[in-house]
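Structure first, commentary second.
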Amino acid sequence: MTINWFKYASPASFYFLAGRMIPYFTALAIILLVAGLYVGFFVAPTDFQQGEAYRIIFIHVPAAWMSMFLYTVMAFWAGVGLAFNTRLSSMVASAIAPTGAMFAFLALWTGAWWGKPMWGTWWVWDARLTSELILFFLYIGFMSLQAAIDDPKRADKAGAIIALVGVVNVPIIYFSVQWWNTLHQGASVSMIQSPKMATAMLSGMLIMTLAAWMYSIVVILIRTRLIILERERHTAWVSELREGVLE
Amino acid sequence: MIWWIIKRDLLLAMRRRSDVLTTLFFFIIVVSLFPLGVSPEPDILRIMASGVVWVAALLASMLSLGRIFSGDYADGTLEQMLLSPVSLAELVTGKTIAHWLVTGVPLVLMAPVLGIQYDLPGNALLVLTLSLLLGTPVLSLIGAIGAALTLGLRGGGVLVSILVLPLYIPVLIFGTSAVEASSTGMEFGAHFSILGAFLLVSIVFSPWATAASLRISMN
């Protein structure tokens, strides 16, 4: 038996596959979110140094992780789209960008909220904060490039190149920022690294990360479906869909 | 072929000397604004100097990026270059080198003068100039990718800054810290090694990415 791997590379069939997958991932996201919040607020102990304020890590750390993870996923799909000329991959890549940027922004925002009570300041030029900010800029660059190009084919490919250039540069930027930081940073402020994180804290954080992951999948699938509809609006199957022939 | 392209682009630039001078004067003006805006105290100036000169060089190099391809794009030469049997990456390398000779080299030559305005000691002036000499070609090489991607787009000039400036950050960091290291009497050879590594890596990868971007933009 040969499996037709390319069946779902067609936007038309992926549209329906995504439609079937969305409810499951939504359910997973909600369950994980509730579980994660419960662990985060009621199970995880109060930190003896940071008090209750540390609990923002349950959203901050997943957001930061997801923003980095989504950038590589986006570059991967954009690269696949560029290499194999599969339209769907490029659509998925452009669907990922806003969610990734949102998580990057969320990480910066929650970082500021955590920094105010902990460090006494909204912002420090810490290595991680700075690289997160630059990552946010890279997302913005990707999105504004795609938004400026009217021809979707050119937009996909141009976006792919800038995403790939970005993904090559992310480690370079990360290490140069870290190096710059060690050079300039006084000893006054440093990320507090608890050597042993309580198991409940760690598991809360991991559950929240999974929740954020599932949420990203749901939102990306929804956005991909919309992009498919927008780009394929002249095709027969979309007009059939509109007339309610297809279900 | 590379030489031919470089010679041609240089000739074109020399016929329109004002374009070259505009970039250079932009660089000089931006650098001169900071003492007015921050403070004319020599102690503060010495601390700011490398950062200000480098950021101004970044901006000046970025502003002139449009010129790499837009002229040839407007009169159809670029299309002929794409059709020609010569490797596009090679042509792109030539054009990027020409861009650096026209915009980067004047900045490098001007930097010591501006450094004197900022009361930098002689040693730091030398390091600043050398770091710009190593760093500005990287700016042209990375910028060429952005210029190729935004070719012919509305609002391309602002867009290219969003695309390119985040990618310039490593060069900025190592360029400025080389100067800082030298003025505090530390070893700065490592900074130069890393800047040189950036240069080599971007020479290898950037013309290739730029050529691919041009193909996409010209489709």
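Naming convention: chains lettered A, B, ... in sequence-line order (proteins, then strands); numbering from 1 in each chain. Note that the coordinates shown come from a computational prediction; the quantities given were computed from them, not determined experimentally.
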Among Asn169(A), Ile172(A), Ile134(A), which residue meets the side chain to side chain contact (heavy atoms under 4.5 Å, CB included) test with Ile169(B)?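 Exactly one pass, corresponding to Ile134(A).
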Interchain contact, Phe198(B) with chain A, by part (heavy-atom threshold 4.5 Å):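 Only the side chain of Phe198(B) comes within 4.5 Å of chain A.
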Identify which part of Ser217(B) has an atom lying under 4.5 Å from any heavy atom of chain A, answering side chain, backbone, both or neither.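 The answer is both parts of Ser217(B).
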Reported [atom1]-to-[atom2] distance for the pair [X] and [Y], which is rounded to 0.5 angstrom:
X         : Y         : atom1 : atom2 : result
Ile216(B) : Asp151(A) : CD1   : CG    : 11.0 Å
Ile162(A) : Leu163(B) : CD1   : CG    : 4.5 Å
Leu159(B) : Ser144(A) : CG    : OG    : 5.5 Å
Ile173(A) : Tyr168(B) : CD1   : OH    : 13.0 Å

Crowded around [X] [atom1]? As in, over 12 foreign heavy atoms under 6.0 Å?
X         : atom1 : answer
Trp77(A)  : CH2   : no
Glu79(B)  : CD    : no
Trp123(A) : CH2   : yes
Phe26(B)  : CZ    : yes

Side chain / backbone / both / neither for [X] at chain B, heavy atoms under 4.5 Å:
X         : value
Ala155(A) : neither
Leu82(A)  : side chain
Val170(A) : neither

Measure across Ala148(A) and Leu153(B) and return the closest heavy-atom pair with its distance rounded to 0.1 Å.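 Residues Ala148(A) and Leu153(B), closest heavy atoms: O-CD2, 3.9 Å.
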How far apart are the C-alpha atoms of Leu149(B) and Arg154(A), what are their side-chain angles, what is the distance that settles it, and do they pass the side-chain contact (heavy atoms from CB on, under 4.5 Å) test? CA-CA 9 Å; Leu149(B) 284 175; Arg154(A) 181 179 165 189; over 6 Å; no
Taking every heavy-atom pair that is under 4.5 Å apart, which of Thr176(B), Leu167(B), Val201(B) has the most such pairs with chain A?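 The answer is Leu167(B).
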Pick whichever of Thr150(B), Ile194(B), Ile173(B) has the most heavy-atom pairs under 4.5 Å with chain A.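 Of the options given, most contacts go to Ile173(B).
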If you count heavy-atom pairs under 4.5 Å between each of Ile149(A), Leu138(A), Leu164(A) and chain B, which one has the most?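 The answer is Ile149(A).
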In terms of heavy-atom pairs under 4.5 Å with chain B, which of Val168(A), Leu135(A), Asp150(A) leads?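 With the most close heavy-atom pairs to chain B, the winner is Asp150(A).
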